[in-house]
Every structure is written in C-alpha cells, then in structure tokens.
There are 2 protein chains.
Amino acid sequence: MSVSVKDVAAAAAVSVGTVSNVLNRPDKVAPATVARVQAAIDRLGFVRNDAARQLRAGRSRSIGLVVLDSANPFFAEVARGAEERAAREGMAVLLGNSDQTPSRERAYLELFREQRVNGVLLTPTDLEASAVRRLADSGIPLVIVDGELPGGGVPSVAVDDVQGGMLAVAHLLEQGRRRIAFIGGPQSIRQVADRLEGARRALAGVPEATLEVIELDALTVLHGRDAGEEIARRDAADRPDAVFCANDLLAVGVLQGTAILGEVRVPEDLALIGYDDIDFAQSAVVPLSSVRQPARAIGAAAVELLLEALESEGAAIRHVRFQPELVVRASTGP
Amino acid sequence: MSVSVKDVAAAAAVSVGTVSNVLNRPDKVAPATVARVQAAIDRLGFVRNDAARQLRAGRSRSIGLVVLDSANPFFAEVARGAEERAAREGMAVLLGNSDQTPSRERAYLELFREQRVNGVLLTPTDLEASAVRRLADSGIPLVIVDGELPGGGVPSVAVDDVQGGMLAVAHLLEQGRRRIAFIGGPQSIRQVADRLEGARRALAGVPEATLEVIELDALTVLHGRDAGEEIARRDAADRPDAVFCANDLLAVGVLQGTAILGEVRVPEDLALIGYDDIDFAQSAVVPLSSVRQPARAIGAAAVELLLEALESEGAAIRHVRFQPELVVRASTGP
DNA sequence: ATCCAGCCGTGAATCGTTTCAAACTGTAAT
DNA sequence: ATTACAGTTTGAAACGATTCACGGCTGGAT
C-alpha cells in the first residue's frame with residue numbers, strides 16, 4: 001500500500017538501517033549516500049510511519065491538552081500558545097474539552113494515554129481530586145495549566161489571581177471609589193475565589209470602604225447583564241460606585257445591563273473593571289479596564305515545562321507564575 | 001516498563017490472542033474468560049498501546065484539523081464541534097493553525113500524514129492550489145471545511161455565503177435603506193468575495209439603490225473601527241444609510257467608530273448588519289443583526305463526512321451545504 | 001458408537017521503524 | 001606485510017498489538 005523504508009532501501013540500493021540513519025542521524029552517513037537515499041525518498045514519496053517509529057523508539061510526537069472549554073476566548077488563546085510552541089518542536093497538540101465534567105476529563109486522559117502522548121497539559125476540573133495526583137504518578141508527564149496543585153510535586157503554570165484581584169480593587173480605591181461590588185461566578189472555581197480574596201486584601205487597608213459580593217452561577221455576558229440591570233434599578237444610595245467583575249464577559253454584560261436603563265453612566269456613576277483582558281475589552285463601547293493575563297504565554301510556558309520534564313527526567317519541578325497586569329481604560333477613567 | 005498484552009495474558013493464564021479478542025470482540029470470548037482477563041487488565045493497570053494497534057491494524061484514532069486561526073471565535077466553535085463529534089467515536093482531534101500561510105499549512109499536513117491520522121479536515125489557505133487536490137489524491141481522506149473545492153471530487157461542508165450576503169442586504173433594503181455600503185477584508189478570501197457577490201445580487205432588483213464597497217486589509221475590530229470613524233466624519237449627504245460587514249468583528253468596530261464621534265446613531269441614521277452571529281453579537285451595546293452560521297454544526301458535519309468516507313471507501317462524495325440564517329436585532333431595527 | 005457443527009482458545013506471523021553489534025573498507029602506523 | 005583504526009554500512013532483533021488458520025472440546029444428531 002504505502003511506501004516503507006524497505007522500498008526506499010531497495011530503490012537506493014542500501015540497507016534499511018542506512019535509510020533510518022539518513023532519517024535520524026544524517027551525519028553518520030556518507031554524504032553521497034545521504035543524497036542517494038534522499039533522492040529515493042523524494043521520488044517514491046515516502047512518509048515516515050510515526051506509529052512504527054513510536055512503537056520501537058518509545059517517544060511520540062504529540063502532547064495532550066485538556067481545558068475546560070476551548071470556545072472560551074481565554075482558553076482558545078491558551079491553546080493557541082501551546083500549539084505554536086509545540087509546532088516549533090515538530091509536535092502536534094491533541095485538544096480535549098472537559099466542560100468541567102470529571103467524567104469527560106477522565107475519558108480524555110485515558111484516550112491520551114492510549115495514544116501514548118508525550119505528556120498532558122491539564123486544567124483540572126477539580127484540583128483537590130486525588131485523581132490528578134494519581135495521574136501524575138502514573139508515569140505520564142503532567143503540567144497543570146492555570147492553577148497549581150496544592151502540595152506541589154507537579155509542574156504548573158499559573159497567574160497569581162489573588163494579586164490580580166488586589167490590583168483591580170486597589171485601582172478602584174485609588175480612583176476614590178469606596179462602595180465596591182464584586183460580581184463573580186460560582187466560588188467553587190478557584191480563579192473566582194482567588195480574585196475575590198485579592199479584592200478583600202486590597203480593601204483591608206481602607207476601613208471606610210465596603211465590599212458587596214454578588215454571586216452568579218456562571219461567568220457569561222448574559223449573567224453579567226442581569227446583574228447590571230439589577231444594580232441600575234437600585235436607588236442611588238444603595239448602588240455601589242464601582243464594580244469588579246471576575247471576568248471580562250461579565251463586565252461587558254454589566255456595561256449593557258446598566259446602559260439599558262440609561263440612568264447609570266460608566267465611568268461617572270459606576271467605575272467598572274473586568275478580568276482577562278480579552279481582545280474585545282479594548283473595543284467595548286466604553287473601553288474596558290481589565291487585569292491582563294498573558295493567555296498565549298501561559299500555553300507556551302506549559303509546553304516549555306513539559307519539554308523540560310521530558311528532557312531531564314526527575315529534575316527539579318518548576319512552577320511558572322505570571323504576574324497579572326492592570327490595564328486602565330475609560331471604564332474606570334478619571 | 002509498561003504493561004503489555006503479554007503480561008495480561010500471563011496474569012490471566014490465557015494467550016495474547018485471547019486478550020486481544022477480549023479487547024476487540026468480547027462477544028467471541030466466553031464470558032468467564034472475559035471476566036478473568038478484564039480483572040487482570042484492571043489489576044495490572046494495562047493501557048493499550050495505540051501505536052502498536054495502529055501499526056498492525058492500519059487504522060488510527062485521530063483526525064487532523066487545520067484552520068486559519070483557532071483563536072477566531074468562529075473557528076474556535078468549528079473546532080469545538082469537530083472535537084465533540086470525534087470524541088463520540090473515541091477519536092481525538094489534532095489541531096493545527098495555518099494562519100493563512102501555505103507553508104504552515106503544508107507543515108501541518110506533513111506532520112499529520114506522519115502521524116497517520118485517519119483523515120484531515122482542512123480550511124484551505126488557497127482553494128485553487130493544486131496542492132489540495134494532490135493531497136486528496138494521496139490516499140489520506142480529506143474534507144474541506146467552510147469551502148468547496150471547485151471541480152468537486154472532495155467532500156466538503158460549506159455555508160452558502162452568496163445566499164448569506166443576499167439575506168443581509170435584502171433585509172436592509174426591506175427596511176427602506178437604499179445607500180448600502182459593504183465593508184470587507186481582502187477579496188482574495190473566498191468568504192468575503194461570496195458575501196459581496198450576494199449583496200450585489202440582492203441589489204439587482206432595486207435599481208435606485210446603490211452599493212459602495214469599502215475594502216480593508218483584515219477582518220478585525222480595529223479595522224472596522226477605522227472604517228466606522230471614516231464614515232461618521234462624512235457629510236450626511238455622502239454617508240450610506242446602511243452597512244453590511246463581512247463579519248461581526250468588523251461590525252462591532254463600526255459600531256464603536258461611529259459612536260466615538262457621536263453624530264451617527266445606529267440604527268436610526270445607519271443600519272448595521274454583520275456576519276457569523278458570534279456569541280458577542282447579541283450582547284453588543286446595540287445588539288447586532290447578523291447572518292448566522294452554525295459553526296459547531298459545521299465542525300460536527302465535517303467529522304461526519306470523514307467518517308462516511310472511511311466507512312465506505314469510494315462511495316459517493318457528499319457535500320453538506322448549510323443555509324445561513326438572518327438574525328434581526330436592534331442594529332437594523334425599525 | 002460415530003460424526004458433525006459450533007464454540008473457544010492458541011500462537012505464530014505480521015505491521016514499519018529503530019537500534020546495535022558486527023562486518024566491511026580503505027588508510028595510516030608499525 | 002601486518003595491525004590498528006576510524007568511518008560506513010549491514011542485517012536481524014525488537015517494540016506491542018492484531019489477525020487468522022488451526023486444533024481441542026462439547027453436545028446433539030444419526
């Protein structure tokens with residue numbers, strides 16, 4: 001059916017061993033022979049069978065990536081960063097979505113193990129789960145993405161969400177705001193909990209400031225819009241003068257929710273800041289202040305850590321921690 | 001190192017052939033034996049080596065997907081749809097981004113061939129390229145995504161962009177608009193060209209209506225914003241009364257560009273319609289009318305066609321063509 | 001009793017590559 | 001002439017699963 005090394009060997013009048021050497025260690029083969037074999041390869045259209053290579057050599061050329069939802073702009077960028085970095089090593093990325101469901105996560109991890117991926121990048125659905133730890137111990141290199149396994153032992157790349165929350169609220173306080181509201185999704189999501197914790201810490205130094213926590217079920221534009229409308233309907237006296245949203249989608253929603261009633265102006269009556277700095281933030285009607293996370297760099301770094309782990313078996317476990325960055329735009333402007 | 005069928009066979013006191021049968025045709029094995037082997041598998045933590053399976057059996061369990069840019073919301077959704085459908089078959093998706101660069105496209109296709117993927121889903125950078133045709137002839141099943149290879153012969157899933165363009169402009173005309181502008185990226189992108197063609201056709205029946213074409217270099221929010229500002233700066237007499245954008249990102253940009261000067265109101269002075277109906281469209285400040293493309297369904301259908309092609313070698317080549325759907329919101333509202 | 005038909009299970013051959021010890025070649029040193 | 005040696009090339013073993021022709025066994029029909 002398809003052309004194999006054997007065919008190439010015959011065509012070039014050498015042994016299969018030599019063809020393999022041309023493929024993998026051309027410097028060990030006489031230049032004239034390399035040329036002859038190369039010519040045969042081109043002529044026959046030979047394509048190396050990675051399955052056989054993998055079987056014999058042990059190594060594979062793909063890595064698995066499991067995220068919560070690749071359609072979310074943040075994770076889409078993370079995936080993009082991972083893909084780019086992997087491509088530079090000639091590796092491919094297998095993409096899986098867990099949708100926050102442990103069973104789907106498990107299914108993907110199993111599939112990836114069968115495929116003998118070089119390693120797995122995982123945004124775990126549940127960091128406490130011993131399943132993750134077991135996976136890490138099972139021999140397949142693992143890197144935690146956008147999180148950190150309590151107790152260490154597994155390389156990870158994360159952004160300091162507590163710090164990010166502090167940045168956001170400190171900025172609001174600096175603008176003279178004192179009645180702060182935090183709008184966020186289920187607190188079971190670590191990212192949300194950490195950002196709230198950061199907000200609390202920023203407030204610690206300003207006794208006269210207050211924090212209202214508005215908890216939602218999900219981090220979507222529509223949820224944000226509802227929250228925004230609710231705020232806009234309040235008496236001016238009950239209204240916060242600043243809102244920190246757990247992500248940009250929520251913030252965009254709040255922007256719309258308040259705009260609908262038309263009474264609350266951003267930023268005059270209500271300062272608004274989001275999180276992630278997704279592409280759209282800078283292009284919102286009122287350009288949105290936000291806390292930037294280097295999504296692409298996160299993906300690239302995760303691959304980097306994986307490569308390190310592969311390179312030097314049993315070396316020191318590294319944790320990459322990015323610092324979030326405050327991006328000030330009109331929505332909190334003076 | 002790792003547990004193989006041989007180990008399982010020994011542990012369960014059967015032959016390797018039987019273990020393989022348990023794995024692949026459990027109905028051909030006595031129930032008691034199945035149970036015994038299954039127990040051994042669980043106890044030893046055996047994970048099937050897909051490379052070996054693939055080598056011997058020929059089939060693989062992954063499919064390749066090459067899109068222009070997976071960070072673009074439309075393609076992110078397409079990828080998501082493909083991933084979901086593939087997962088149901090126990091297959092994994094290898095994700096590649098060509099960034100509209102033929103050389104990157106080629107590199108991925110080569111990598112995927114080496115990996116012996118089951119097939120490739122491709123959004124080609126250049127539909128004319130004979131490279132695509134050669135690929136299709138090279139034995140590896142191919143499905144064109146969001147496009148159609150002129151001359152047929154390759155299964156494809158597409159959306160009728162001409163029809164979509166017609167829908168959009170017909171709607172604008174129906175609203176009484178007569179001075180239409182089309183804003184779009186490089187015409188070399190087939191999707192853009194087709195949508196413009198659709199606009200032209202819709203106008204054919206209304207002699208007194210005019211069409212202005214504003215060509216941009218890319219389909220981004222920022223490009224759209226520039227175009228919007230330019231329009232807003234014009235004298236009212238030179239201004240179009242409706243704009244059809246080649247995608248939603250552009251439309252969002254136009255919305256902002258016109259808002260900045262504050263003189264042109266949407267939809268009163270300017271009706272605005274986009275394309276793709278990305279998630280954000282319904283949540284824009286002025287909710288955006290758009291032409292919906294079923295992105296997820298497109299991805300799923302592509303996998304479907306690939307499965308068909310694998311199933312019935314040499315059967316009829318199918319083309320799935322989705323109909324675009326007009327979504328009317330406030331930006332073109334009465 | 002004998003035969004036959006189903007079931008089950010066996011084990012060697014096979015897929016296409018990599019790897020490695022051994023063979024070969026030609027040149028330099030003794 | 002012999003030995004040493006480095007540079008090349010060879011060929012067979014190995015990786016771990018699937019496949020398939022074949023043999024053993026069981027139980028019912030003749």
Side-chain angles (χ1 to χ4, degrees), chain A residues 1-38 40-41 44-62 90 110-111 113-118 139-140, chain B residues 1-38 40-41 44-62 90 110-111 113-118 139-140:
Chain A
M1 169 79 179
S2 127
V3 185
S4 77
V5 275
K6 215 180 289 182
D7 303 319
V8 174
V14 296
S15 74
V16 293
T18 300
V19 176
S20 177
N21 280 333
V22 169
L23 253 27
N24 302 299
R25 308 177 203 68
D27 48 308
K28 297 277 171 228
V29 180
T33 313
V34 172
R36 196 147 38 90
V37 172
Q38 204 47 262
I41 287 177
L44 300 180
F46 167 76
V47 175
R48 182 210 266 115
N49 184 329
D50 215 57
R53 169 216 200 58
Q54 196 181 130
L55 175 58
R56 173 64 231 224
R59 18 185 160 86
S60 95
R61 302 217 291 153
S62 57
E110 183 68 12
L111 181 58
R113 291 181 71 180
E114 289 191 6
Q115 302 258 350
R116 291 294 192 276
V117 294
N118 254 321
I140 165 166
Chain B
M1 170 79 179
S2 128
V3 186
S4 79
V5 275
K6 216 180 289 182
D7 303 318
V8 174
V14 296
S15 74
V16 294
T18 299
V19 176
S20 177
N21 280 332
V22 169
L23 255 25
N24 302 297
R25 310 177 201 67
D27 48 307
K28 297 277 172 231
V29 181
T33 313
V34 172
R36 197 148 38 92
V37 172
Q38 204 46 262
I41 287 178
L44 300 179
F46 166 77
V47 176
R48 182 211 265 115
N49 184 327
D50 215 57
R53 169 217 199 60
Q54 196 180 131
L55 175 58
R56 174 61 232 230
R59 19 185 158 87
S60 96
R61 302 217 290 154
S62 56
E110 183 68 11
L111 182 58
R113 290 182 72 181
E114 289 192 4
Q115 301 258 351
R116 292 294 193 277
V117 294
N118 253 323
I140 165 166

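To find a chain, count down the sequence lines: A is the first, B the second, and so on, and within it residues start at 1. All values below come from the heavy atoms of this structure, side chains included, with hydrogens, waters and symmetry mates left out.
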Q: For the helix from C/dA1-D/dT30 to C/dT30-D/dA1, what angle separates the axis at the start from the axis at the finish, each from five pairs, in steps of 10°?
A: 60°

Q: I need the CG-P distance between B/Asp27 and C/dG9, as an integer number of Å.
A: 12 Å

Q: Measuring to OP1 and OP2 of C/dC15, would you say a side-chain N or O of A/Ser4 lies under 4.0 angstrom away?
A: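 No.
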
Q: Produce a footprint string for nucleotides 19-24 of chain C: one letter per nucleotide, 5' end first; B if the base is under 4.0 Å from any protein heavy atom, S if only the sugar-phosphate is, - if neither.
A: B-----

Q: Tell me: CG of B/Asn49 to P of C/dC15, nearest whole Å?
A: 18 Å

Q: Specify the separation, in whole Å, of atom NZ of B/Lys6 and atom P of D/dT18.
A: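 Rounded to whole Å, this separation is 14 Å.
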
Q: Which is true for B/Val19 with a 4.0 Å heavy-atom rule: it touches a base, it touches only sugar-phosphate, or it touches nothing?
A: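 B/Val19: no heavy atom of the nucleic acid under 4.0 Å.
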
Q: Work out which heavy atom in A/Ala9 is nearest to a heavy atom in A/Val16; give both atom names and the distance.
A: CB-N, 3.8 Å

Q: Write down the distance between NZ (B/Lys28) and C1' (C/dC7), rounded to a whole number of angstrom.
A: 10 Å

Q: To the nearest angstrom, how far is A/Leu55 atom CG from D/dC15 atom C1'?
A: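 From A/Leu55 CG to D/dC15 C1': 4 Å.
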
Q: Start at the 5' end of DNA chain C and walk down; is the nucleotide closest to B/Ser15 or to B/Arg116 reached first?
A: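 Nearer the 5' end of the strand: B/Ser15.
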
Q: Let me know the distance between CD of B/Glu114 and C1' of C/dG16, rounded to the nearest Å.
A: 13 Å

Q: What heavy-atom pair brings B/Arg53 and B/Arg48 nearest, and what distance separates the two atoms?
A: NH1-NE, 2.6 Å

Q: Under the side-chain contact (heavy atoms from CB on, under 4.5 Å) test, which residues partner B/Ser20, sequence neighbours left out?
A: B/Asn24

Q: Hey, does the side chain of A/Arg53 come within less than 4.0 Å of C/dT18's phosphate (OP1/OP2), counting only N and O?
A: yes

Q: Considering just the side-chain nitrogens and oxygens of A/Ser2, establish if one lies under 4.0 Å of OP1 or OP2 belonging to C/dG16.
A: no

